[in-house]
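Structure first, commentary second.
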Amino acid sequence: MKNSFKKWFMGHFYHGAMKPEYRKRGLSREAVNGIIQEHKKIAKRAKDMNDDKLLASYMMGIYFIAMNRRTGLSPEENYEVLRDALSHSKFLKSHMGSAEEYLDEKKMPERLKWAEESKKRTGENNWVVDVLPGCEEYDLGYNYHECGICKICADEGCPELAKYLCKLDYVIADAMGAKLVRTKTLAEGGDYCDFRYSRG
């Protein structure tokens with residue numbers, strides 16, 4: 001994967017957010033340094049994804065893989081570390097904005113254009129998505145037919161880790177004050193991931 005400031009920044013952000021949780025759990029300095037090194041190695045060899053909207057998610061997937069190789073904790077425990085860190089992150093909450101901002105109907109033309117671009121598959125590990133306008137049941141929907149996190153986990157020989165990262169979508173929705181309903185995911189054998197967002 002090509003180097004970029006955004007890629008570096010996302011890795012830096014995740015590591016900074018994790019530090020208090022690592023300290024709480026008594027993780028050794030050696031393990032913490034190992035996570036940083038492992039993250040850099042995976043990011044360097046990762047296939048490109050050319051979608052800025054989901055770069056943060058892709059880098060989070062890479063970081064989670066590195067955690068599972070270096071912390072000595074189970075995937076469920078590593079998920080809890082990541083969940084707790086993101087739940088307490090002021091930067092994440094300010095960056096995500098509110099449900100009203102996220103679900104603003106004025107953003108629909110841009111989202112539909114993004115969905116069409118995703119179908120060109122310009123990066124091997126991009127997501128492929130359909131965007132669904134609001135209706136009586138929800139305010140905004142996505143059907144993800146391909147997932148960059150599933151792809152990077154498969155590339156790294158750990159496809160079982162992707163399902164833990166799926167759970168973080170609810171943490172992010174909570175940070176915005178939105179409600180997320182989802183009945184299936186690619187990571188758990190679904191034919192697509194059905195995201196349905198509503199105002200909380």
Do [X] and [Y] have side chains that approach each other closer than 4.5 Å (heavy atoms only, starting at C-beta)?
X	Y	value
D169	T185	no
S198	V181	no
K7	M1	yes
Y144	L54	yes
S89	F13	yes
M67	Y14	no
C153	E160	no
M108	P133	yes

If you take all heavy atoms of [X] and [Y], which pair is closest and at what distance?
X	Y	value
E101	G97	OE1-CA, 3.2 Å
S87	V171	OG-CG1, 3.6 Å
A66	I42	N-CD1, 4.0 Å
I62	A46	CD1-CB, 4.1 Å

Would you say that more than 12 heavy atoms from the other residues, nucleotides or ligands in this model lie under 6.0 Å from the [atom1] of [X], or not?
X	atom1	value
K119	NZ	yes
H12	NE2	no
E30	CD	no
K19	NZ	no
E105	CD	no

Shared hydrophobic cluster for [X] and [Y] (ILVMFWY, side-chain gaps under 4.5 Å):
X	Y	value
L73	I35	yes
L55	Y63	yes
L103	V131	yes

To the nearest 0.5 Å, what is the distance between [atom1] on [X] and [atom2] on [Y]?
X	Y	atom1	atom2	answer
L168	L82	CG	CG	5.0 Å
E188	C166	CD	SG	6.0 Å
D155	C150	CG	SG	11.0 Å
M59	M49	CE	CE	10.0 Å
L180	D194	CG	CG	9.0 Å
L112	W114	CG	CH2	10.5 Å

* Taking salt bridge (charged side-chain N to carboxylate O under 4.0 Å, His left out) as the test, write out the residues that go with K107, two or more places apart. => none
Donor-acceptor pair, side chain of [X] and main chain of [Y], under 3.5 angstrom:
X	Y	result
K151	N126	yes
D130	N143	no
H88	D84	yes
R25	E77	no
S118	V129	yes
D48	G123	no

* Intermediate values then yes/no, salt bridge (Lys or Arg N to Asp or Glu O under 4.0 Å), K167 and E76 -> CA-CA 11 Å; K167 296 196 284 185; E76 183 63 35; 3.3 Å; yes
* To do: Test N33 against Q37 for side chain to side chain contact (heavy atoms under 4.5 Å, CB included), laying out the working first.
  => CA-CA 6 Å; N33 288 338; Q37 295 309 314; 5.5 Å; no
* Start with the C-alpha gap between W127 and S57, add the side-chain angles, then the distance that decides, and say whether side chain to side chain contact (heavy atoms under 4.5 Å, CB included) holds. => CA-CA 10 Å; W127 279 251; S57 296; 4.0 Å; yes
Report yes or no: do [X] and [Y] form a side-chain donor-acceptor pair below 3.5 Å?
X	Y	result
Y142	R196	no
N68	N78	yes
N125	Y58	yes

* Establish, yes or no, whether the cationic atom of K179 lies under 6.0 Å from the six-membered ring centre of Y197 and within 45° of the ring axis. => no
* To do: Find out whether the Lys NZ or Arg CZ of R111 is both under 6.0 angstrom from the six-membered ring centre of Y102 and within 45° of the ring's axis.
  => yes
Does the pair [X]/[Y] count as a salt bridge with the N-to-O cut at 4.0 Å?
X	Y	answer
E38	R69	yes
R199	E100	yes
E110	K113	no
R121	D51	no
R45	E156	yes

* To do: Only one of V32, V81, T71 passes side chain to side chain contact (heavy atoms under 4.5 Å, CB included) with M18; say which it is.
  => V81
* Passes side chain to side chain contact (heavy atoms under 4.5 Å, CB included), L140 versus L132? Steps please. -> CA-CA 6 Å; L140 175 65; L132 311 176; over 6 Å; no
* To do: Over 60° means perpendicular and under 30° means parallel, so classify the ring planes of Y164 and Y79, tilted if in between.
  => tilted
* With sequence neighbours excluded, residues passing ring pair (Phe, Tyr, Trp, His ring centres under 6.0 Å) with Y170 -> none
* Let me see the working for M10 and K6 under side chain to side chain contact (heavy atoms under 4.5 Å, CB included), right down to the final yes or no. => CA-CA 6 Å; M10 289 302 164; K6 284 184 179 179; 5.5 Å; no
